[in-house]
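Working notes for the structure below.
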Protein chains: 2
Amino acid sequence: MAQDPISLRDVLIEAGIALLEEGGMQALTLRQTAARAGVSHAAPAHHFDGLPGLLTAMAAHAFKLFADAIHSGREAGGTDPLQRLLGTTEGYLTFASQHAGLFHLMFISPQVNRADPVLGPHATRAYQILREACQPFGDGTPDETLELAVWSMVHGYAMLGFTADDPQRRPFHRRPTFAELLAELLAGRQIPVINPLAPASDTR
Amino acid sequence: MAQDPISLRDVLIEAGIALLEEGGMQALTLRQTAARAGVSHAAPAHHFDGLPGLLTAMAAHAFKLFADAIHSGREAGGTDPLQRLLGTTEGYLTFASQHAGLFHLMFISPQVNRADPVLGPHATRAYQILREACQPFGDGTPDETLELAVWSMVHGYAMLGFTADDPQRRPFHRRPTFAELLAELLAGRQIPVINPLAPASDTR
DNA sequence: CGGAATTGCTTGACAGTGTCAAGTAGCTGT
DNA sequence: ACAGCTACTTGACACTGTCAAGCAATTCCG
């Protein structure tokens with residue numbers, strides 16, 4: 001074959017994502033996925049180990065998109081450490097709200113086999129981005145307490161955003177933004193200067 | 001014995017909880033619940049509006065248990081404001097780990113009808129307990145930023161505890177405790193004294 | 001070059017699920 | 001006594017995931 005034709009495996013993953021984003025986890029079934037991909041209902045069994053296998057492969061794909069999202073969020077934050085961390089968390093939250101189904105797959109669905117090694121690399125990459133964004137606020141070495149504090153807070157903020165989508169039931173007069181929460185968390189820390197070693201030079 | 005005031009409705013809720021705690025959300029089906037309650041497979045339809053109705057009723061029950069759990073956690077914290085807040089969050093986390101299925105029902109399951117008014121009272125009561133535990137760390141009035149920061153952090157900590165149950169994949173050398181995370185969050189705050197004689201005349 | 005094995009998918013079946021329609025036993029109110 | 005109502009049962013239907021068998025095309029290899 002001259003060119004590698006798109007494998008049914010990838011088509012199925014795309015079809016599954018489409019179903020997930022259209023109708024949530026309820027709509028994501030093996031048979032519907034196969035139908036959308038234009039194959040028979042048992043075809044997916046030859047590429048994935050049942051429904052959990054398909055969901056796990058989709059979760060792996062989702063982790064890659066997720067790591068890309070928080071990476072570009074960090075890059076959008078420029079060079080200022082606080083803006084970089086904020087951009088990272090904004091990427092986190094934007095992905096969670098724009099791809100709620102994939103987020104659910106990545107962090108919640110009990111059908112995903114979390115021991116599968118295909119999940120590891122991109123999940124680790126995503127965490128490394130968060131870790132590096134936290135680094136300037138520590139004493140130079142990785143501060144696991146700060147990392148987990150930021151991670152827990154942004155993750156919880158995203159999850160609570162899903163749950164309390166009924167405005168009337170929200171206990172807040174005005175829901176604080178995550179930036180305010182992060183400022184609260186970092187209030188006890190020294191905010192690092194932008195370029196501590198070099199002589200004062202403006203940002204371009 | 002002679003009088004049998006236990007309604008089938010309550011029996012079904014208990015049966016559902018038993019199934020949920022034994023086999024997770026996968027095992028919680030209408031028909032299994034009916035079978036465990038000793039009735040026919042269509043009996044639940046006369047007490048709940050389908051499976052979502054049963055799950056919503058179970059979630060309401062769960063919110064009551066949850067509010068009780070964080071209430072006793074707060075009481076166990078004694079009178080010191082920090083210990084009270086810590087006890088509250090510990091109650092939160094203990095409930096989440098010991099009743100993972102109910103926690104999933106309360107905050108995650110898309111089948112639960114979150115607009116149902118039966119969810120409101122106990123969910124509100126739970127949040128009020130958290131709010132009051134945060135109050136001493138504010139300037140006297142409810143500080144919604146601090147409340148949401150604490151809530152997001154404890155919620156995210158609980159959720160991440162579910163996800164990353166594979167020790168090998170955890171990015172931490174030693175997973176920081178939630179008390180350490182809370183200390184990090186409160187590091188920018190004045191820790192209130194235990195028995196303030198003039199509560200409102202604190203430093204400003 | 002030609003059978004044989006493998007791959008990729010289809011077809012068909014089965015048990016299990018939620019939901020609906022119809023039926024029934026038992027109690028209640030008049 | 002009788003009608004009506006409540007609480008459930010029975011049966012059916014469409015849909016689900018999974019498995020076994022089959023089949024056509026490709027690849028292997030002797």
Of all pairs that satisfy ring-ring contact (aromatic ring centres under 6.0 Å, His included), the ones with a partner from residues 9-34 of chain A, not counting sequence neighbours = none
Donor-acceptor contacts, no H, no angles, side chain residues 66-76 of chain A, under 3.5 Å, sequence neighbours left out:
{"residue": "A:Asp68", "atom": "OD1", "partner": "A:Arg125", "partner atom": "NH1", "Å": "3.4"}
{"residue": "A:Asp68", "atom": "OD1", "partner": "A:Arg125", "partner atom": "NH2", "Å": "2.8"}
{"residue": "A:Asp68", "atom": "OD2", "partner": "A:Lys64", "partner atom": "NZ", "Å": "3.1"}
{"residue": "A:Ser72", "atom": "OG", "partner": "A:Asp68", "partner atom": "O", "Å": "2.9"}
{"residue": "A:Ser72", "atom": "OG", "partner": "A:Ala69", "partner atom": "O", "Å": "3.2"}
{"residue": "A:Arg74", "atom": "NH1", "partner": "A:Glu132", "partner atom": "OE1", "Å": "3.3"}

Below 3.5 Å, can you tabulate the donor-acceptor pairs from side chains in residues 81-88 of chain B to any protein atom, sequence neighbours excluded?
{"residue": "B:Arg84", "atom": "NH1", "partner": "B:Gly78", "partner atom": "O", "Å": "2.7"}
{"residue": "B:Thr88", "atom": "OG1", "partner": "B:Arg84", "partner atom": "O", "Å": "2.7"}

Excluding sequence neighbours, so at least two apart, what forms ring-ring contact (aromatic ring centres under 6.0 Å, His included) with B:His99?
-> B:Phe95
Excluding sequence neighbours, so at least two apart, what forms side-chain hydrogen bond (donor to acceptor under 3.5 Å, both in side chains) with B:Glu180?
-> B:Arg174, B:Thr177
Who pairs with B:Arg9 by side-chain hydrogen bond (donor to acceptor under 3.5 Å, both in side chains), at least two apart in sequence or on another chain?
-> none
Can you list the residues that meet the ring-ring contact (aromatic ring centres under 6.0 Å, His included) rule with A:Phe48, with sequence neighbours excluded?
-> none
Contact residues, residues 26-34 of chain B to DNA chain D [heavy atom, < 4.0 Å] = B:Arg31
Does any residue of residues 41-52 of chain A have a heavy atom under 4.0 Å from DNA chain D, and if so, which ones, in number order?
-> A:His41, A:Ala42, A:Gly50, A:Leu51, A:Pro52
Listed partners of A:Pro52 passing side-chain contact (heavy atoms from CB on, under 4.5 Å), at least two apart | A:Gln111
The side-chain contact (heavy atoms from CB on, under 4.5 Å) partners of B:Pro110 (sequence neighbours excluded) come to none
Using the heavy-atom set of chain B and a strict 4.0 Å cut-off, write down the first and last nucleotide of DNA chain C that makes it in, 5' to 3'.
-> C:dT17 to C:dC20
CA sep, side-chain torsions, deciding dist, call: B:Tyr127, B:Phe63, ring-ring contact (aromatic ring centres under 6.0 Å, His included) = CA-CA 11 Å; B:Tyr127 190 75; B:Phe63 266 116; over 10 Å; no
Would you kindly give the CG-to-C1' distance between B:Leu8 and D:dT9, to the nearest whole Å?
-> 13 Å
